Chemist: 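Pasting a structure below so you can have a look.
In what follows, chains are A, B, ... by sequence order, proteins preceding strands, each numbered from 1. Fair warning: this is a prediction, and the values are worked out from it, not measured in the lab. What you see below is based on every heavy atom in this structure, not just the backbone, and it leaves out hydrogens, waters and symmetry mates.
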4 protein chains.
Amino acid sequence: MEQKLSDKIKKINEEHMKVTEKQSKIIEAAIEEFSRNGYASTSTSQIAKKAGVAEGTIFRHYKNKKNLLLSIVTPTMTKLIAPFVMDGFDTVFDKKFDTFGDFLKAILKNRVDFIRENLSILKIFMQEISFHPELQENYKEYIAQPLFKRLENTIIHFQDKGQIKNLPVHTVIRFTASTVVGFLFTRHIIYPDMNWNDDKEIEQTINLIINGLSPETD
Amino acid sequence: MEQKLSDKIKKINEEHMKVTEKQSKIIEAAIEEFSRNGYASTSTSQIAKKAGVAEGTIFRHYKNKKNLLLSIVTPTMTKLIAPFVMDGFDTVFDKKFDTFGDFLKAILKNRVDFIRENLSILKIFMQEISFHPELQENYKEYIAQPLFKRLENTIIHFQDKGQIKNLPVHTVIRFTASTVVGFLFTRHIIYPDMNWNDDKEIEQTINLIINGLSPETD
Amino acid sequence: MEQKLSDKIKKINEEHMKVTEKQSKIIEAAIEEFSRNGYASTSTSQIAKKAGVAEGTIFRHYKNKKNLLLSIVTPTMTKLIAPFVMDGFDTVFDKKFDTFGDFLKAILKNRVDFIRENLSILKIFMQEISFHPELQENYKEYIAQPLFKRLENTIIHFQDKGQIKNLPVHTVIRFTASTVVGFLFTRHIIYPDMNWNDDKEIEQTINLIINGLSPETD
Amino acid sequence: MEQKLSDKIKKINEEHMKVTEKQSKIIEAAIEEFSRNGYASTSTSQIAKKAGVAEGTIFRHYKNKKNLLLSIVTPTMTKLIAPFVMDGFDTVFDKKFDTFGDFLKAILKNRVDFIRENLSILKIFMQEISFHPELQENYKEYIAQPLFKRLENTIIHFQDKGQIKNLPVHTVIRFTASTVVGFLFTRHIIYPDMNWNDDKEIEQTINLIINGLSPETD
DNA sequence: AATGAATGAGGCTTCATTCAT
DNA sequence: AATGAATGAAGCCTCATTCAT
């Protein structure tokens, strides 16, 4: 069952691989335009022009505009969480971490490049998730739920070790995610052009999380 | 100068007051539709139908669809931060707070109802801010800057009192805001229908922030 | 019968006189806008704004937009030809002229100021005459026909005196009118801002007409 | 330089050639409607219906309603004056004319059919030239200026030969053009349905011009 | 007499999608 | 596989006109 899930995810990603040259031009153009203007305000002819293909060509490869959106967003989102859910991968979970801090650091190190490279798509995802039920369903089934399950285990593990306050798991996740996402959002979307010292910021961010979650020490 | 700003903001809000009955029906309908489908995917005829007015009536009151958006979003955003920037108001800042926790609690108590009541508009704001330069300008001038200034003072105040770690002010603000917004977002947008114990969640959230920011005690 | 015609024309002009202050503001504004943008491209709200009245006020005084146009154009056109058709007036026709040249000079002297003052309205007339049957009917009945009749008599008179070549009357009128209108058009519409020596140009123009029409002298 | 101009004009006309069948239906319909109702009072849906195409098809070929107008008017106007400005063409200018009368006769013979065939477009041009700056610019650059230059030379030539009164060139042109245009206008626009003897009228018109311009013979 | 809010028809234009080539 | 002309529905907005105040 679990196996099946990661198979499905593998398939989603593999389908994304076998693309012709025109196709990848279309995808590239669509990502740029969707992320700059939003899905609804981007026309297929705009994408075609930017991709250097005929309008009809888009519809030869993607059933419709919505389908093009899903083809862009879904594989990237699954890849984003792949290290958390893929068995057999050399993931961050396969190593044993002594502290919750180490764990966080490892995740961030592992995913921060991927996020930077796929920022436009993540932006599109955040913008569009509310408006497209298809996206929401994919998201819940392939991303949110598997991810939550894995994190749940990890957090309980560190709570058992006494490193994390005994708050409800979802509160811990929410706090951690908020802080991390808040940093990445500020870093890459609100002030992408500021002069950031990424290593220092990440360390500070992790410290704030660990401090926040550390059990009363008396 | 500072006085002038709060005057401008007062004006923005007052202009929003003198509305006919049809006008407020239009606003109400637009808020609902914009927030459900997004600005670009909401048609003015849709709004007119839901408001029970002729489509032309919308354009008698708002010269543009864009203008309608701004008329909805800008006054609400200034009202949201009004307690922080208005002089002469009985704001959360006029009282002296002994601890940073008390300060946070006071803010959240003060603003949480407003946020709940204006959730749709805040959602619209978050969705559209990236796509509308006019919105961005209003936001920077009337909201982000004044708010930052006030918070900066407050945070330095509590850093001087030794309650908050000596991190850069913007880091403190980012961490605090991320955590608060992360809670509100989860509470009202991701899982609005869950059975929330608001008081307890707010307390926990504040504790996480205070813990996170508390200076090393050794 | 003839009497009736000049009575009708008198009535048209008198009706144009009893106007309230708002009415004349509307007329003034309409003239300016119609002549600048054309009838079809001028909106009644544009006129109202420029006139400083409410949109509804226009329709209190003029049944509709078309009616406003007619109220502007028709009286002016009848006034333009009034000296030619009004009995009892001290017209250019009442004096006896020795030569066709004197006659032309007298007409031009008499009408040139009127034309200059009513240029915008004449422009509107020329633009709109093709598109409005009502205008065409008024024009034929009250302007073209009476005018032609009078000119016919005059021209036959000078042909009998041997001053004008024995061409068909309509040819003489066409040639004369073309030359005069051609001058006025160039003078006031094509190059209104050039530095014109009006007296000299008028004299030259008349000379060209007289030369053109002078019988072979051999 | 001069070469460049005639190249540009050639290009304008050639672009007008490569038209699909639907395109020429659109043009045909637009000409008829624009000339019957005026540009502003003709709707694109009206044109589409008359052309038997979808409204959207118009905008695939002409980015604007305005652009459609220009695509109709500009090439025809340049073609109208082509014989005057095109080098290498077998124009009326290439032959030597003994008299100004022969010159006028040649021009009229040459252009009268073209005018008759393109009457609707010329009407549209005259109606719309005042309201469209783009049209005015094209007109000045490609039509009025080159035409004036050529005529100037010709007129000075005949003035030197003593056939034409020593009036300012622009006065001669104005008088000649007024008389010719006055005839054509009466012939084709005011009374198109009258029973005209074209050859006789043209001869008379030319005689009037020549007489008008002939130097005093004493 | 004057106002101006309200209307709804219609105008120009864009767009996703189809289909013949 | 790729093109791009064609479509017609729908979008935003303007307008002449009406009517309650």
Chemist: Among F:dA6, E:dT7, F:dA16, which is the nearest nucleotide to the side chain of B:Val53?
Modeler: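 It is E:dT7.
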
Chemist: Salt bridge check, A:Glu55 against D:Arg60: does any charged N sit closer than 4.0 Å to a carboxylate O?
Modeler: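 Here D:Arg60 pairs with A:Glu55 in a salt bridge, since their nearest N and O are under 4.0 Å apart.
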
Chemist: Taking 4.0 Å as the cut-off, does a side-chain nitrogen or oxygen of D:Lys66 come that near to OP1 or OP2 on E:dC12?
Modeler: no

Chemist: How many Å lie between CD on D:Glu55 and C1' on E:dG10, as a whole number?
Modeler: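 After rounding, the gap between these two atoms is 10 Å.
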
Chemist: Nearest to the side chain of A:His61 - F:dT7, F:dA1, E:dT3?
Modeler: F:dA1

Chemist: Could you please name the option among E:dT17, F:dC13, E:dC12 that lies closest to any side-chain atom of A:Thr44?
Modeler: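 For the A:Thr44 side chain, the nearest candidate turns out to be E:dT17.
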
Chemist: For D:Phe59 and E:dA16, give me the distance from atom CZ to atom C1', rounded to whole Å.
Modeler: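 Rounded to the whole Å, the gap is 18 Å.
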
Chemist: In whole angstroms, how far is the C1' atom of E:dT7 from the CD atom of B:Gln23?
Modeler: 16 Å

Chemist: So which nucleotide does E:dA16 pair with, by the Watson-Crick or G-U wobble rule with both distances under 3.5 Å?
Modeler: F:dT7

Chemist: Choosing from E:dC12, F:dC13, E:dA2, which nucleotide comes nearest the side chain of B:Asn64?
Modeler: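 Of the candidates, F:dC13 comes closest.
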
Chemist: Under 4.0 Å between any heavy atoms, over every strand shown, what does D:Thr42 touch: base, sugar-phosphate, or nothing? Just pick one.
Modeler: sugar-phosphate

Chemist: Identify, between A:Lys22 and B:Tyr39, the residue whose nearest nucleotide on DNA chain F lies closer to the 5' end.
Modeler: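 Result: A:Lys22.
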
Chemist: Between the main-chain N or O of C:Glu21 and the side-chain N or O of C:Ser24, is there a donor-acceptor pair closer than 3.5 Å?
Modeler: yes

Chemist: For E:dA9, which nucleotide in any strand shown is its Watson-Crick or wobble partner with both distances under 3.5 Å?
Modeler: F:dT14

Chemist: Between D:Ala40 and C:Ala54, just flag the one whose closest nucleotide in DNA chain E comes earlier from the 5' side.
Modeler: C:Ala54

Chemist: When all nucleic acid strands are considered with a 4.0 Å heavy-atom cut-off, which category describes A:Thr57: base, sugar-phosphate, or nothing?
Modeler: base

Chemist: Quick one: B:Asn37 CG to F:dG11 C1', roughly how many Å, whole number?
Modeler: 14 Å

Chemist: Does F:dT21 have a Watson-Crick or wobble mate here (both distances under 3.5 Å), and if so which one?
Modeler: E:dA2

Chemist: Do the two ring centres, one from D:Tyr139 and one from D:Phe125, sit under 6.0 Å apart?
Modeler: yes

Chemist: Give the nucleotide from the list E:dG11, E:dT3, F:dT3 with an atom nearest to the side chain of D:Ser43.
Modeler: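 It is E:dG11.
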
Chemist: Which nucleotide sits closest to the side chain of A:Arg60: F:dA1, F:dT14, E:dC15?
Modeler: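 The listed nucleotide nearest to A:Arg60's side chain is F:dA1.
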
Chemist: Quick one: on DNA chain F, does C:Lys65 or D:Ile58 contact a more 5' nucleotide (nearest heavy atom)?
Modeler: D:Ile58

Chemist: What is the distance from CG of D:Leu69 to C1' of E:dG11, rounded to the nearest Å?
Modeler: 16 Å

Chemist: Check whether more than 12 heavy atoms from other residues, nucleotides or ligands sit under 6.0 Å from atom NZ of C:Lys50, and answer yes or no.
Modeler: yes

Chemist: How long is the line joining CD of D:Glu21 and P of E:dA20, in whole Å?
Modeler: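 Rounding to the nearest Å, CD of D:Glu21 and P of E:dA20 are 17 Å apart.
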
Chemist: Within this structure, what is the NZ-to-P distance between A:Lys25 and F:dT3, rounded to whole angstrom?
Modeler: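 For the pair A:Lys25 NZ and F:dT3 P, the rounded distance is 10 Å.
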
Chemist: What integer distance in Å separates D:Tyr62:OH from F:dA5:P?
Modeler: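 So the two atoms are 12 Å apart, to the nearest Å.
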
Chemist: Out of the candidates A:Lys123, A:Arg36, A:Gln127, only one should pair with B:Ser130 under the side chain to side chain donor-acceptor pair (under 3.5 Å) rule; please name it.
Modeler: A:Gln127

Chemist: If I take atom NZ from residue B:Lys66 and atom NE2 from residue B:His132, how far apart are they, to the nearest 0.5 angstrom?
Modeler: 5.5 Å

